[in-house]
Amino acid sequence: MGVAVGDSCMSNLTFEANGITLEQVREHVWEIPQEGEMRVPARVLASESLLEEISEDKTLEQLKNTTHLPGITNYAICMPDGHQGYGFPVGGVGAIDAENGCISPGAVGYDINCGVRMMKTNLTYDELRGNEAELVDSLFANVPSGLGGGGIVEADIDTVDEILARGVDWALEHGHAVEEDLLHCEDEGMREEADPSKVTQKAKDRGKNQIGSLGSGNHFLEVQRVTDVFDDEVGEAYGLEEDQIVVLIHCGSRGLGHQTCNDYLRKIEKQHQGLLNQLPDKELAAAPAGSQLAEDYYGAMNAAINFAWVNRQLIMHRTRKVFERVFDRSWEEMEMHLLYDVAHNIAKKETHIVDGEERDLYVHRKGATRAFPAGHPDVPKAYRDVGQPVIIPGSMGAGNYVLRGGEHSMERTFGSTAHGAGRLMSRTQAKNEFWGGDVQQQLEEQDKIYVKAQSGATVAEEAPGVYKDVDEVVSVSDDLGIGDKVARTFPVCNIKG
DNA sequence: ATGTAC
């Protein structure tokens, strides 16, 4: 348990937990000063109560460890929703020199391009009321979910290769997308650096029958209603208004991404032991920039990114068909347009200004969202004047946020913000505290939220009570000017693995 | 997150 100590002067405030001391730099910014083998300081962006929660697992220790990675720039960052992960915290951002540094699979995460996309509709909550049960059943019946195989598309290895190389462009050619879907996705749904030949046969085999499937764990498809629009101008640019129905899809690259992460961790551990021995945790295994394995992993990771985008695209397009049947109207009539798709687990070569100089960095965002501000050339044209949409799922009982990239994101967080509410307890602990059936019943009776899942255990693991307060996470982002509040949504129907 | 374990 951490304890904040200090006098009334804010600049002297410190926070101590597990032998790690953080100094408050300003409100919501805490720093672990550089010492020993640390190459740079580390920063936690959090309110005091979120920092208390963050300090209860190994997050701070892991964050400190990441500052040992060669080429890490300015400081390692932990977002307000941070928690312990494999080697590198979930909610972590590490910007690492792409010429003299390294790339680390653990700093991307096992679920490569786990992310979310939001699709709009022109339906109102009043129009939907009474149809919740039919809608949730129909979504559950038509969108594959749960562990193991079974997707919207079954592919052979050649088709998997095409998906890995072309991303959503493949979906467009095969009738699972329309042109505008590409324009509203990060990188237009395709990473050109993808190299399918660097993805192992085993990973492709795992992926070929999972194309268009939610998976399990915290992945879900949720029908939501917009309850608040905080910024009218940006809300209008995004096409969001109160009482509107939207759909949020949260999933990743399934077994293919998981296998890819695993394959490269093992290869890197073997081939780059020298670097591994310099690091405080084997889970941070990294390939030196410029090495063959760094290039290979980058090509394979980008291919897995494309796979995840196709996955979300197929699920979204299938959702349009489900709405067509339930509401007896065409999806075009219901204006079911993609707002945006954001990646939560990714490393990308980006150019950032560091000490007045342009630098090429591998920006590792693991459980963190790109949040580019207005005017940035990588923000799609439709949103260039207001900033990139950032989509932050909370828990299935709390609601979700749409933010826009804030004007301080480039200088403070390498263009990043938080990605969700963040877990408060382990899955095992969650199952001891909650029973899936109770959670489901309570959500329906008290909040009119219709949940349908493959397994009651998953509902328990994802109970609203196992998550941090998403409102507080978002208020830290908003306060720091890295991601500004635009709208809030509340669940109506939720399907999950 | 994940053919819920190497």
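Quick note: numbers below take in every heavy atom, side chains included, and nothing from hydrogens, waters or symmetry partners.
Distance CZ (A:Arg266) to P (B:dA5): 15 Å, rounded to an integer number of Å. A:Gln454 places its CD atom 13 Å from the P atom of B:dT2, with the value rounded to the nearest Å. Rounded to whole Å, atom P of B:dT2 lies 11 Å from atom CG of A:Asn345. Counting to the nearest Å, the P atom of B:dT2 and the CG atom of A:Asp205 are 18 Å from each other.
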Show which side-chain atoms of residues 144-155 of chain A pair as donor or acceptor with protein atoms under 3.5 Å away, not counting sequence neighbours.
from     : atom 1 : to       : atom 2 : distance (Å)
A:Ser145 : OG     : A:Gln454 : NE2    : 3.1

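Looking at A:Arg43 and A:Asn74, their side chains never bring a donor and an acceptor atom within 3.5 Å of each other. Counted by atom type alone, A:His352 and A:Asp360 present zero donor-acceptor pairs between their side chains at under 3.5 Å. The closest side-chain donor-acceptor pair between A:Ser416 and A:Arg365 falls under 3.5 angstrom.
When the nearest nucleotides of DNA chain B are assigned to A:Lys431 and A:Cys114 by heavy-atom distance, the more 5′-ward of the two goes with A:Cys114.
Looking at residues 246-265 of chain A, you'll see A:Arg254, A:Gly255, A:His258 sit with a heavy atom under 4.0 Å from some atom of DNA chain B.
In this structure, A:Glu222 has no salt bridge (charged side-chain N to carboxylate O under 4.0 Å, His left out) partners at least two apart in sequence or on a different chain.
In this structure, A:Lys202 reaches the bases: a heavy-atom distance under 4.0 Å links it to at least one base atom across the strands shown. A:Glu461 comes within 4.0 angstrom of no nucleic acid atom, judged by non-hydrogen atoms across all strands.
Distance alone, capped at 3.5 Å, is enough to place a donor-acceptor pair between the A:Gln313 side chain and the A:His176 backbone.
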